[in-house]
**Q** 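What follows is a structure written as structure tokens; I'll ask about it next.
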Amino acid sequence: MIKKPRGTQDFLPPKSEEIAYLEEKAAELFKRYGYGRMITPIFESTDLFTRSIGETTDIVSKEMYTFNDKKGRSLTLRPEGTAPIVRAYIEDPSSFGLLPAKVYYIGQMFRYERPQAGRYREFWQIGVEAIGSSDAVLDAEIIDLLMSYLEEVGLINLDLKINSMGCKNDRAKYSEQLKDYLRSKKADLCKDCRQRVEVNPLRVFDCKNKDCQMSITNAPKIIDYICKDCNGHFEKVKGYLGATSIKYKVESRLVRGFDYYTRTVFEVASSELGAQDALGGGGRYDNLIADYGGDSTPAIGFAFGLERIILARQKQGKSKRPTKLHLWISYIDEESKKEAFKLLLLMRKNNISADMSLDYKNLKAQLRQADKRDVGYSLVIGPDEIASGKYALKDMNTKEQQSLCIDEIVRRMKDEG
RNA sequence: GCGACCAUAGUGUAAUGGUUAACACGGGAGUCUGUGGAACUCCAGGUACGGGUUCAAUCCCCGUUGGUCGCCCCA
């Protein structure tokens, strides 16, 4: 038997409807904030990701689906959504219209990781990017958009953490300070962290090892090393956030997975999700476009994972009930089956969800099918109905049944629907 | 990439080194040939894959694949 590749999923109702629902909600809300949908290729030149995300990050060093096409070009299934949009912007800035350009995307991402609850090799993300402004109010808008979305789909008890990474210079300076500090504590650090000190010292903050956590309690904080401008920017972001109803915590140890972040970064998690608890996150990337050869253009964005939102909604009892059929059509004999089929098509033309038995069964069995499918109404068609032009419409909840002509039935179903 | 645990009808569980692998729910049909949800009867459907040990393996061993949970990392 051929099985689906590891870490991938098939989606059928009701799970597929959950995804559709989350997409609709996003489209609706993002439109209100002025964001339009953007679609980019699902694979890109490998260079795009290695350069933007950072060579030493886990994603690039071991998690990418990379392959050569028939001409020997190295391509990679996108592991995240920001780099492709930045690429498109640099390729043709004018197509993005007025700045800031506000776009969102919905689609699958790919990372070669060991699957576990809330983590897949092919997973769904929805993200937004606002390109062309460094104004702090935009940071607040973006964070508000993320939190509003999560609220919109019914999630509560979320923890929002924010931090500032400063600019390039700040980061380099801070990185050296942190290295010095960590080197002095090297004896207390775990095996992995000893390596991190040299390669990517900020990552030590993510370590869950108790000794490492102890060792960094007095570590220098990036917030103390960021320059005046960056600090001012962060203060403004917090000021604008004060205008919203959003609760957040400044977390000086918050470090995100991509090297391109500058200034504001943020992450939202749910304590109900276990080890993979991050629902979404993002931040500002003011240097990325310039680093790629575009005109210096500041930008900010975020992304969240649909599987984890679905998980959190399940834990919080918010899962959507599968959509039901509205009307089931039953027929008495082969003769009336044709009439039933005609009416079935008529109902569907009138936007009424309806279905009927395919194989002939006795009426009892057909009503049993209707019952199993939890329909609201059932229509019975037999020789008597065809002769009189009046059909028996039964309310499946109250068991009440009336004889009505077709127009009345259509009208009734539409009102109910 | 590392570690631990796991794999039996669609789902949830049972059982045994030896005739036919059991039960519940779910699915289908009928009892009831023009009126559903109950009850009863019947039907379909299963030991993930590949090796090994053995007279004999669903059971024991190894490998593969997949899942779950940690680590890493992140969505």
Side-chain angles (χ1 to χ4, degrees), chain A residues 1-9 12 22 53 56-63 78-82 107-127 146 150 190-193 195-196 200 203-209 212 254-258 267-270 273-282 302-312 328 330-334 336 357 359-386 391-401:
Chain A
M1 190 183 41
I2 298 174
K3 289 187 277 192
K4 62 180 173 294
R6 187 165 201 200
T8 64
Q9 315 175 78
L12 280 115
L22 293 175
I53 298 171
T56 62
T57 59
D58 280 21
I59 291 177
V60 169
S61 61
K62 56 188 195 196
E63 295 174 4
R78 61 183 182 196
E80 63 108 21
T82 300
Q108 291 101 313
M109 304 294 159
F110 305 84
R111 289 182 204 169
Y112 192 93
E113 288 191 272
R114 185 93 144 216
Q116 78 193 63
R119 179 204 276 174
Y120 300 91
R121 289 183 169 180
E122 177 183 24
F123 59 99
W124 286 77
Q125 274 194 349
I126 296 183
L146 173 58
L150 297 174
C190 71
K191 196 179 84 224
D192 291 335
C193 283
Q195 285 188 346
R196 291 191 185 113
N200 205 340
R203 293 258 159 261
V204 177
F205 286 129
D206 280 342
C207 189
K208 278 152 194 152
N209 182 298
C212 297
L254 176 64
V255 173
R256 300 208 22 96
F258 309 127
E267 190 170 292
V268 58
S270 164
L273 287 189
Q276 310 305 325
D277 65 348
L279 288 170
F302 68 73
F304 51 82
L306 293 195
E307 285 86 354
R308 290 188 189 171
I309 287 177
I310 291 172
L311 264 181
W328 187 265
S330 305
Y331 47 92
I332 301 304
D333 51 28
E334 278 299 329
S336 43
S357 320
D359 306 316
Y360 174 74
K361 295 179 178 72
N362 64 46
L363 188 55
K364 192 182 272 284
Q366 293 184 60
L367 282 167
R368 191 148 47 205
Q369 288 185 320
D371 193 54
K372 290 257 162 71
R373 284 160 183 75
D374 206 16
V375 302
Y377 291 85
S378 178
L379 192 60
V380 179
I381 297 167
D384 299 348
E385 282 78 6
I386 294 171
Y391 299 83
L393 180 68
K394 181 169 190 174
D395 181 323
M396 295 299 278
N397 295 316
T398 65
K399 292 185 169 187
E400 276 168 32
Q401 187 167 314

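Within every chain, numbering begins at 1; the chains are lettered A, B, ... in the order of the sequence lines, protein sequences first and strands thereafter. As the structure is a prediction and not an experimental result, all values here were calculated from the model.
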**Q** Looking only at the side chain of A:Pro115 (C-beta and beyond, no hydrogens), which of the listed nucleotides B:rG36, B:rG67, B:rA75 gets closest?
**A**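 Nearest listed nucleotide: B:rG67.
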**Q** Could you check which of B:rG34, B:rC73, B:rA75 has an atom nearest any side-chain atom of A:Arg111?
**A**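 It is B:rA75.
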**Q** Just compare B:rC72, B:rA39, B:rG34 and give me whichever is closest to any side-chain atom of A:Arg368.
**A** B:rA39
**Q** If you apply the rule side-chain contact (heavy atoms from CB on, under 4.5 Å), what do you find for A:Arg111 with A:Phe123, and how did you get there?
**A** CA-CA 8 Å; A:Arg111 289 182 204 169; A:Phe123 59 99; 3.7 Å; yes
**Q** Take atom C1' in B:rG28 and the same atom in B:rA9, then report the distance between them in whole Å.
**A**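 Each nucleotide's C1' atom is 15 Å from the other's.
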**Q** Using a distance-only criterion (donor-acceptor N/O pair, under 3.5 Å, no hydrogens), is the base of B:rU35 paired with the side chain of A:Gln366?
**A** no
**Q** Please work out if A:Gly118 contacts a base, only the sugar-phosphate, or nothing of the nucleic acid, heavy-atom cut-off 4.0 Å.
**A**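 If one applies the 4.0 Å heavy-atom cut-off, A:Gly118 turns out to touch a base.
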**Q** Report the residues that fulfil side-chain hydrogen bond (donor to acceptor under 3.5 Å, both in side chains) with A:Ser336, sequence neighbours left out, ordered by chain and then residue number.
**A**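 Partners of A:Ser336 under the side-chain hydrogen bond (donor to acceptor under 3.5 Å, both in side chains) test: A:Asp333.
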**Q** What's the CG-C1' distance between A:Leu367 and B:rG34, to the nearest Å?
**A** 9 Å
**Q** Looking across every strand, which nucleic acid part, if any, lies under 4.0 Å from A:Gly382 by heavy atom: base, sugar-phosphate, or nothing?
**A** base
**Q** Counting N and O atoms only, with roles assigned by atom type, does the side chain of A:Arg78 sit under 3.5 Å from a partner on the main chain of A:Gln108, one being a donor and the other an acceptor?
**A**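 Looks like yes, one N/O pair under 3.5 Å.
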**Q** Could you give the CG-to-P distance, from A:Leu363 to B:rG34, as a whole number of Å?
**A**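 A:Leu363 atom CG is separated from B:rG34 atom P by 7 Å.
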**Q** Just checking A:Glu113: base, sugar-phosphate only, or nothing, at a heavy-atom cut-off of under 4.0 Å?
**A** base
**Q** Using the P atoms only, state how far B:rG50 lies from B:rG12, rounded to an integer number of Å.
**A**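 Comparing P positions in B:rG12 and B:rG50 gives a spacing of 23 Å.
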**Q** Check every strand shown and say whether A:Lys372 touches a base, only sugar-phosphate, or nothing at a heavy-atom separation below 4.0 Å.
**A** sugar-phosphate
**Q** Identify whether any heavy atom of A:Asp333 sits under 4.0 Å from a base atom; if not, whether one sits that close to sugar-phosphate; answer base, sugar-phosphate or nothing.
**A** nothing
**Q** Could you give the OH-to-C1' distance, from A:Tyr112 to B:rG1, as a whole number of Å?
**A**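 Rounded to the whole Å, the gap is 9 Å.
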**Q** Are the side chains of A:Trp328 and A:Leu379 in contact, using a 4.5 Å heavy-atom criterion?
**A** no
**Q** Out of B:rG30, B:rC74, B:rC73, which has the shortest distance to the side chain of A:Ala365?
**A**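 The nucleotide sitting nearest to the side chain is B:rG30.
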**Q** Which listed nucleotide (B:rG1, B:rU33, B:rG37) is nearest to the side chain of A:Asn362?
**A** B:rU33
**Q** Flag the pair A:Glu80 / A:Ile59 as yes when at least one side-chain heavy-atom distance between them is below 4.5 Å, and no otherwise.
**A**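 Of all side-chain heavy-atom pairs linking A:Ile59 with A:Glu80, none is under 4.5 Å.
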**Q** Students often get this wrong, so: under 4.0 angstrom with heavy atoms, is A:Glu385 touching a base, only sugar-phosphate, or nothing?
**A**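 Base, at least one base atom sits under 4.0 Å.
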**Q** Nearest of B:rG34, B:rA75, B:rU68 to any side-chain atom of A:Ala117?
**A**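 Out of B:rG34, B:rA75, B:rU68, the nucleotide with an atom closest to A:Ala117's side chain is B:rU68.
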**Q** Describe the nucleic acid contact of A:Glu80 in one word from base, sugar-phosphate, nothing, applying a heavy-atom distance below 4.0 Å.
**A**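 If one applies the 4.0 Å heavy-atom cut-off, A:Glu80 turns out to touch nothing in the nucleic acid.
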**Q** Find out whether A:Ile126 and A:Phe304 are in side-chain contact, i.e. whether some heavy atom of one side chain is under 4.5 Å from a heavy atom of the other.
**A** yes
**Q** Can you tell me the distance, in whole Å, between the CZ atom of A:Arg121 and the P atom of B:rG1?
**A** 7 Å
**Q** Classify the nucleic acid contact of A:Asp277 as base, sugar-phosphate or nothing, counting any heavy atom under 4.0 Å across all strands shown.
**A**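 Base: the residue A:Asp277, judged by heavy atoms under 4.0 Å, touches a nucleobase.
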**Q** When the P atoms of B:rC5 and B:rG46 are compared, how many Å lie between them, rounded to an integer?
**A**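 So the two P atoms sit 31 Å from each other.
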**Q** Using atom types as modelled and distance alone, determine if a side-chain donor or acceptor of A:Glu122 lies under 3.5 Å from a backbone N or O of A:Gln9.
**A**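 Not confirmed, A:Glu122 side chain does not pair with A:Gln9 backbone.
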**Q** Could you tell me the separation between the CG atom of A:Leu273 and the P atom of B:rC69, rounded to a whole number of Å?
**A** 11 Å
**Q** Base, sugar-phosphate or nothing for A:Gly81? Non-hydrogen atoms, less than 4.0 Å.
**A**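 Nothing, no heavy atom under 4.0 Å.
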**Q** Would you indicate what A:Met109 reaches in the nucleic acid, counting non-hydrogen atoms under 4.0 angstrom: base, sugar-phosphate, or nothing?
**A**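 Counting heavy atoms under 4.0 Å across all strands, no contact is made by A:Met109.
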**Q** Centroid distance below 5.5 Å plus an interplanar angle below 30 degrees: do A:Phe304 and B:rA75 meet both conditions?
**A** no
**Q** Suppose you measure atom C1' in B:rA56 against the same atom in B:rA14; what distance do you get, rounded to whole Å?
**A**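 My reading of the C1' atoms in B:rA56 and B:rA14 gives 23 Å.
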**Q** Could you state the atom-to-atom distance from CD of A:Gln116 to C1' of B:rG66 in whole Å?
**A**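 To the nearest whole Å, that distance equals 15 Å.
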**Q** Ignoring hydrogens and angles, does a donor from either the side chain of A:Arg114 or the base of B:rC69 sit under 3.5 Å from an acceptor on the other?
**A**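 Counting by modelled atom types and ignoring angles, no donor-acceptor contact under 3.5 Å is found here.
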**Q** When all nucleic acid strands are considered with a 4.0 Å heavy-atom cut-off, which category describes A:Phe302: base, sugar-phosphate, or nothing?
**A**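 Since no nucleic acid heavy atom lies under 4.0 Å of A:Phe302, the category is nothing.
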**Q** Given that both distances must come in under 3.5 Å, which nucleotide forms a Watson-Crick or G-U wobble pair with B:rU65?
**A** B:rA7
**Q** Does B:rA39 have a Watson-Crick or wobble partner in any strand here, with both distances under 3.5 angstrom, and which is it?
**A**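 Across any shown strand, B:rA39 pairs with B:rU31.
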**Q** Have a look at A:Leu279 and say if it touches a base, only the backbone sugar-phosphate, or nothing, with a 4.0 Å heavy-atom cut-off.
**A**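 Answer is sugar-phosphate: A:Leu279 comes under 4.0 Å of backbone atoms only.
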**Q** Looking at the side chain of A:Lys3, which of B:rC73, B:rU68, B:rG66 is the nearest nucleotide?
**A**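 Within the option list, the nearest is B:rG66.
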**Q** Look through every strand shown and name the nucleotide pairing with B:rG1 as Watson-Crick or G-U wobble, where both distances are under 3.5 Å.
**A** B:rC71
**Q** Looking only at non-hydrogen atoms, find the nearest pair between A:Leu279 and A:Ala312 and report the distance.
**A**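 Residues A:Leu279 and A:Ala312, closest heavy atoms: CD2-CB, 4.3 Å.
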**Q** Whole-Å distance between B:rC74 C1' and A:Ile126 CD1?
**A** 18 Å
